[in-house]
Amino acid sequence: MTWSDMQPLLEQACTETLVMVGWSTLIAVVGGLPLGVLLVLTDKGGLLQNTVVNKVIGQIVNIGRSLPFIILMVALMNFTRWVTGTTIGSEAAIVPLAIGGIPFFARLVETAVREVDHGLVEAVQAMGGSTWTIVRKVLVPEALPSLIASTTTTIIALIGYSAMAGTVGGGGLGDLAVRYGYQRFETGLMWITVAILAVVISLIQFAGDYAARALHRRGGRSGPSPRLRLLKAKEPAAGDVSKVA
């Protein structure tokens, strides 16, 4: 197979992979972010402490993460057909990719949010801030560098999942590698797809690391935001209270 034969196949496969991973990442972030934050809020000592809710959400997330992706695709075939009208192609692959990505991202969000300085939360609480204010002004902004890193990890994982989706007709680079590299013994095309995946993953990792470091330098984990620092500075220190007494 010549390069002129490979080029249109590679372009189509790359487009299908980008569409699958892009949409599934968006759905995973939108669904996983509130789940991860809720796991922290409802945990013991959390702002919305509720053991039952925390256990239920935790079990759902654990079950979603424990299923191998290839099994999840098969288990969701009827649901995928109901949503998209088919079980073959890149559009159909988005459904299991997104559902598999939500619990994966939720656990990463939980870890990131737990690392936020609890003193900032207490400071906003002391000023009468609501739970929604704390989530919006403290937890998410302060965890943003880690959330960016978590999103990067999720994207890379979904690229791997999308390659597995290709083994059952999901389209993309995985499907191309199986159909031509494995079934038709086009070894050269298969290694080109491997090289493309390696380059794409390296670029995504570099971009994610750069964005996380940039946010870290601007605020993030290097310290509380200027507004929170100012608010904390207004609170009298323990030594000052003793002097006043």
Side-chain angles (χ1 to χ4, degrees), residues 12-42 53 56-113 132 135-136 139-141 143-175 197 200-201 203-205 207-208 211-212 215:
Q12 181 182 357
C14 288
T15 301
E16 290 174 348
T17 297
L18 290 175
V19 170
M20 285 190 294
V21 174
W23 279 107
S24 57
T25 299
L26 178 62
I27 297 171
V29 170
V30 171
L33 181 60
L35 273 182
V37 173
L38 199 57
L39 281 170
V40 176
L41 296 178
T42 58
V53 173
V56 170
I57 297 176
Q59 280 299 111
I60 293 173
V61 170
N62 288 339
I63 292 172
R65 291 183 63 202
S66 65
L67 290 175
F69 181 71
I70 193 81
I71 296 176
L72 182 65
M73 281 194 302
V74 175
L76 291 174
M77 275 189 175
N78 290 333
F79 179 72
T80 300
R81 185 181 291 109
W82 177 74
V83 173
T84 64
T86 181
T87 58
I88 299 175
S90 56
E91 291 183 2
I94 292 172
V95 176
L97 281 171
I99 293 177
I102 288 173
F104 182 87
F105 186 68
R107 281 301 183 191
L108 296 177
V109 171
E110 180 189 11
T111 302
V113 173
W132 170 243
V135 171
R136 189 165 57 94
L139 296 181
V140 173
L144 197 54
S146 293
L147 291 177
I148 294 296
S150 300
T151 303
T152 304
T153 303
T154 302
I155 293 173
I156 293 173
L158 289 175
I159 290 175
Y161 290 168
S162 71
M164 282 189 280
T167 62
V168 291
L173 290 169
D175 179 54
L197 287 171
V200 169
I201 288 174
L203 290 175
I204 291 172
Q205 187 67 62
L215 287 170

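This is a predicted model, so every value here is computed, not measured.
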Is there any side chain to side chain donor-acceptor pair (under 3.5 Å) pair reaching into residues 78-88, and which pairs are they, with sequence neighbours excluded? N78-R81

Quick one: list whatever passes side-chain hydrogen bond (donor to acceptor under 3.5 Å, both in side chains) with T152, sequence neighbours left out. none

Show every side chain to side chain donor-acceptor pair (under 3.5 Å) that has at least one partner inside residues 95-106, sequence neighbours left out. none

Under a 4.5 Å cut-off applied to non-hydrogen side-chain atoms, are N62 and Q59 in contact? yes

Between atom CG of D175 and atom CD of Q12, what is the distance when rounded to the nearest 0.5 Å? 9.0 Å

Do you know which two heavy atoms are closest between A212 and P145, and how far apart they sit? CB-O, 3.6 Å

Are C14 and L173 packed together at the side-chain level, in the sense that at least one heavy-atom pair is separated by less than 4.5 angstrom? yes

E110: what forms a salt bridge (Lys or Arg N to Asp or Glu O under 4.0 Å) with it, not counting sequence neighbours? R107, R114

Partners meeting ring-ring contact (aromatic ring centres under 6.0 Å, His included) with F69 (sequence neighbours left out): Y161

Out of curiosity, L158 CG to F104 CZ, how far, rounded to the nearest 0.5 Å? 8.0 Å

Inter-residue atom distance I159.CD1 - L97.CG, 0.5 Å rounding: 11.0 Å

What is the distance from atom CD1 of I155 to atom OG of S162, rounded to the nearest 0.5 Å? 12.0 Å

Sub-4.5 Å side-chain heavy-atom contact between L147 and L108: no

How long is the gap from CE on M77 to CG on L72, to the nearest 0.5 Å? 11.0 Å

Only distances under 3.5 Å count here; give the side-chain donor-acceptor pairs of residues 23-35 to other protein atoms, sequence neighbours excluded, each with its distance to 0.1 Å.
| unit_1 | atom_1 | unit_2 | atom_2 | d |
| --- | --- | --- | --- | --- |
| S24 | OG | M20 | O | 2.6 |
| S24 | OG | V21 | O | 3.1 |
| T25 | OG1 | V21 | O | 2.6 |

How far does CG of L215 sit from CG of L144, to the nearest 0.5 angstrom? 5.0 Å

